[in-house]
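Single-structure report; data block below.
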Amino acid sequence: MQSQTTPVATGRVGFEMRGEVAVLCIDNPPVNAGAHAVRDGLVSGIAQAVAAGATAAVVMGAGRCFIAGSDLREFGKPLQAPELPDVIAAIEAAAFPVVAALHGVALGGGLELALGCDYRLAAPGTMLGLPEVSLGFVPGAGGTQRLPRLTGVSRAIALICDAARIPAETALADGLIDAVVEGDLLQGALDFLAVQGRPKRHIIQRDPPPEAPAVIDAAAARALRRGKRRPNVAEAIRLIRAAGAGDGAEALRDERAVFQDLRLGEDALALRYLFFAERRAASVAGIDGASATKIASVGVVGGGTMGQGIVRALLAAGLRVTLVERDAVMLEKAMTSLTASLEAQVGKGRLSPEAARAQQAALTGAVRYGALTECDLVIEAVFEEMAVKRIVLSGLDAALKPQAIIATNTSYLDIEEMVAGLAHPARVVGLHFFSPADIMPLLEVVRAAQTSAPVLASALSFARKLGKQPVVARVAEGFIGNRIYAAYRRRAELFVLDGAAPEEVDAAIQAFGFAMGPFAVADMSGLDIAWAMRKRQAATRDPQARYVTIPDSLCAAGRFGRKTGKGWYSYGTGKPMPDPEVAEVIAKARTAAGVAPVTYDALTIQRQLMAAIVNEAALLLAEGVAQRPSDVDVVLTNGYGFPRWRGGPLYWAARQDQGALAADMAALAEAVGHGFRAGPVEEFLAQLTAGSED
Ligand code: NAI
């Protein structure tokens, strides 16, 4: 029996003999990304195990996880040998069984490596998944071939095409792993190997469990639809289906070729850009993450649409929550609705009954701020009125412990005005959630002039804890997202005034890739709130600016959107249908404005709406409302249904012919007319292209 501790000479993999078992420990902090040095170390480690006469091997990760994925920075260039399939080939060629012992996360190439081993064990709670499809390509080291051989083809289609992350317990039920190991993971792996009869087991030589073709077809159709029919989704489905049709070796070659091609394609480039942009968005120069305070108990004031959504998001993140409403009746209403939504989630199988009970137990209701004295953070989501917000904030400022953070969920109001006169204004920050707050990933973190650095750092780390994508904004009407959206919607309304039908505009922008068009969105959110705002602003509006009266006329006719069954569309059948009454309103508005209607093609509509977004983004970047161009892309893709595979509006614009883009800007200036402000578009696109944003 040998026992030695010799570090492998090359790469970031430790080597040790435990009796006759070789232990290969991947050590590439912080997340053991599957970089070249790791692949190299694994190949050397297996060779060393063979040389040492090992009878088995364990592959595991040091630190917080197994492998969080391949190193994406390597993906834009030719990959250096050994590539991951070479590592797996070395594992398969070894005469002894190799066990992957997983903890933390095993994602992407990390999971493919584990699938290339003979057995897989995982610590409780380990998250497993193949996220490649969400990055514009496909798994390229056997993921599309080995996963279906364990889970079945239809389940593999769902897991791979949704880029799902599943916990070890689900992975065990799916047949993806062999056991969940409580206690010491390495000891668990050694015990597992000590059991007689752990033969070599090449998954690639198996057949997937049998399934009815109709089940597979249904999974494929669903995945293609959810994946917006992107080429990589279609390819992933084709490859996974091939796993059910025989020759594994041939299918692996096919998969590798598709992977090599797609990882350098347009979608993958855009999605990689976004991947790094999203990470960058959570950082602010001069703000030290270490100064963040721990937030365990949170208060929410106001249990309306947003308040309830925020409570759901907080409970799902395992926080203790106290909801305060203005009186017992409103509190009862909100609490009843929250309980019903927990029950509905259990009914849909999205939440276990135990988890629902735990969430319910973590929620308390109250009608006085006195119930909030233990809270580390209190978020207000009361009516959008300055006077109401100021009263609530001063009440909270007096009631809370001095170190507690106060956040406002205001959509438009000036936070600096809101905190004037408070004893501790430095503890107030904006946390602008998007509706529904428990579903939408975006969270605008608004840094007001007085917000302290530790409060901002805490808000950013709290956003991450909620699983949200934070983006930092400065105080400005509509912050980043709503301000850009207003310019986009205005351009869309001008199109309707000038000759396009609302459904033409919606169809054009959906064809571009947006989840919904602006008029369908307006009907969903309700037209009445913006109407009230326009009425308030009527006195100060520039009379020479072009003004589209159509939404006002729709509101005057009681067409407030979906909630009244009609708005820009009619919803008699449940689906949005063009309505002759709306066409009449539009025709009248054109006549009144002296407009001779023009026909627009989809491309013109798309490029003009993009121009409106890009121009407004440049204006707010110049004002310092957003920190960097890529933050705008993160906002639009995470909160406004902008197609992720296009990277974001500024990434898109930077890749256009700049002469054509300048022509779009000139056309935008002409269409908007009096009062149009041109933003320094070229400057910020150059910044984005140079990658010198930080
Ligand atoms: P809502 O009208 O549905 O809810 C407001 C709730 O606050 C009501 O339940 C009301 O009883 C309660 N409330 C009012 N004054 C209170 C007080 N003094 N103490 C305790 N509770 C009080 O409004 P919604 O839509 O939830 O909006 C709330 C805030 O969130 C607003 O600032 C809004 O601008 C913002 N917001 C709204 C979004 C949306 O899509 N609805 C999106 C993002 C932000």
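Side chains are part of it too, since the values below use all heavy atoms of this structure and drop only hydrogens, waters and symmetry mates. Since the model is a prediction, treat every value here as computed from it, not as a measurement.
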Answer whether the closest heavy-atom distance between the side chains of E623 and R483 falls below 4.5 Å.
yes
Would you call the rings of Y571 and Y569 parallel, tilted or perpendicular, taking 30° and 60° as the class edges?
perpendicular
Would you confirm whether the ring centroid of H674 sits within less than 6.0 angstrom of the ring centroid of F676?
no
d(F495 CZ, Q608 CD) to nearest 0.5 Å is 5.0 Å
Output, in order, the C-alpha distance, side-chain angles, deciding distance and verdict of side-chain contact (heavy atoms from CB on, under 4.5 Å) for L319 and K465.
CA-CA 10 Å; L319 293 152; K465 183 170 170 104; 3.7 Å; yes
Looking only at non-hydrogen atoms, find the nearest pair between L527 and G567 and report the distance.
CD1-CA, 4.3 Å
A side-chain contact here means heavy atoms from C-beta on lying under 4.5 Å apart; do Q359 and L363 qualify?
no
Beyond-backbone contact of V429 with R447, side-chain heavy atoms, under 4.5 angstrom:
no
How long is the straight-line distance from CG of L323 back to CG of L338, given to the nearest 0.5 Å?
6.5 Å
Could you tell me whether the side chain of K389 and the main chain of V382 form a donor-acceptor pair under 3.5 Å?
yes
Polar side-chain atom of E380 near backbone of V392 as donor-acceptor pair, under 3.5 Å:
no
Look only at the side chain of R546 and the backbone of A671, and say whether a donor-acceptor pair between them is shorter than 3.5 Å.
yes
Between Q606 and A508, is there a donor-acceptor pair closer than 3.5 Å when you use the side chain of the first and the backbone of the second?
yes
Donor-acceptor contact present, side-chain N615 to main-chain R677, <3.5 Å
yes
Identified side-chain hydrogen bond (donor to acceptor under 3.5 Å, both in side chains) counterpart of D376 within the set R320, Q403, K401:
K401
Quick check: do R559 and V582 have side-chain heavy atoms less than 4.5 Å from each other?
yes
Check ion pair D523-R562 (N to O, under 4.0 angstrom)
no
Do R427 and L400 have side chains that get closer than 4.5 Å, going by heavy atoms?
yes
For F275, does the six-membered ring have the charged nitrogen or CZ of R279 within the cation-pi criterion, i.e. under 6.0 angstrom from the centroid and within 45° of the normal?
yes
Minimum side-chain heavy-atom gap E616-L619 below 4.5 Å
yes
Crowded around R490 CZ? As in, over 12 foreign heavy atoms under 6.0 Å?
yes
Any chance you could lay out the side-chain contact (heavy atoms from CB on, under 4.5 Å) test for Q360 and T339, step after step, and finish with the verdict?
CA-CA 7 Å; Q360 185 76 59; T339 302; 3.3 Å; yes
Given side-chain contact (heavy atoms from CB on, under 4.5 Å), test Y369 with V378 step by step and report yes or no.
CA-CA 10 Å; Y369 297 153; V378 176; over 6 Å; no
Which pair of non-hydrogen atoms, one from F684 and one from P629, has the smallest distance, and what is that distance?
O-CG, 3.6 Å
Would you say T451's side chain and V428's backbone share a donor-acceptor pair under 3.5 angstrom?
yes
A453 and S291 have their tightest heavy-atom pair at O-OG, 4.4 Å
Looking only at heavy atoms, the pair that brings G558 and T564 closest together is O-OG1, 3.4 Å
For A437, does its backbone N or O pair with a side-chain atom of S435 as donor and acceptor, under 3.5 Å?
no
Assess whether salt bridge (charged side-chain N to carboxylate O under 4.0 Å, His left out) is satisfied between D528 and K563, documenting all intermediate values.
CA-CA 10 Å; D528 47 330; K563 60 183 163 192; 3.0 Å; yes
Within 6.0 Å of CZ in R73, more than 12 heavy atoms from elsewhere
no
Any luck finding a side-chain donor-acceptor pair between E374 and S297 under 3.5 Å?
no
For Q469 and V634, indicate whether the former's side chain and the latter's backbone hold a donor-acceptor pair under 3.5 Å.
no
Once you round to the nearest 0.5 Å, how far does OG of S553 lie from CD1 of I550?
7.5 Å
Will you find, in the side chains of R350 and Q345, an N or O donor that is under 3.5 Å from an N or O acceptor?
no
Should the pair K333-E325 be classified as a salt bridge under the 4.0 Å nitrogen-to-oxygen rule?
no
Please identify which of these residues, I379, V455, L431, meets the side-chain contact (heavy atoms from CB on, under 4.5 Å) condition with I405.
V455
Face-on cation placement of R646 at F642 ring, 6.0 Å and 45° thresholds
no
Interatomic distance, CZ@R390 vs CD@E417, rounded to 0.5 Å, equals 6.5 Å
Within this structure, what is the CG-CZ distance for the pair L609 and R489, rounded to the nearest 0.5 Å?
12.5 Å
Atom pair OG/CD of S341 and Q308 - distance to nearest 0.5 Å
7.5 Å
Pairwise side-chain contact, L422 with L393, heavy-atom cut-off 4.5 Å (strictly under):
yes
Shortest non-hydrogen separation from V445 to A459 and the atoms involved:
CG1-CB, 3.8 Å
Any donor-acceptor pair under 3.5 Å linking the side-chain atoms of Q656 with those of R607?
yes
Just by modelled atom types, is the A449 backbone N or O under 3.5 Å from a matching donor or acceptor in the E416 side chain?
yes
Taking D633 as the fixed residue, which of Y651, Y273, W652 is the one that meets the side-chain hydrogen bond (donor to acceptor under 3.5 Å, both in side chains) rule?
Y273
Step-by-step side-chain contact (heavy atoms from CB on, under 4.5 Å) determination, R326 to F383:
CA-CA 11 Å; R326 53 191 159 136; F383 303 131; 3.5 Å; yes
Would you check if E278 and N638 make a side-chain contact, meaning some heavy-atom pair closer than 4.5 Å?
yes
Distance-minimising heavy-atom pair for V505 and A492:
CG1-CB, 4.0 Å
Whether E444 side chain and H432 backbone form a donor-acceptor pair below 3.5 Å:
no
Between Y488 and F514, what is the ring plane arrangement, given parallel below 30°, perpendicular above 60°, and tilted in between?
parallel
Quick one: are the ring centres of Y412 and F479 less than 6.0 Å apart?
no
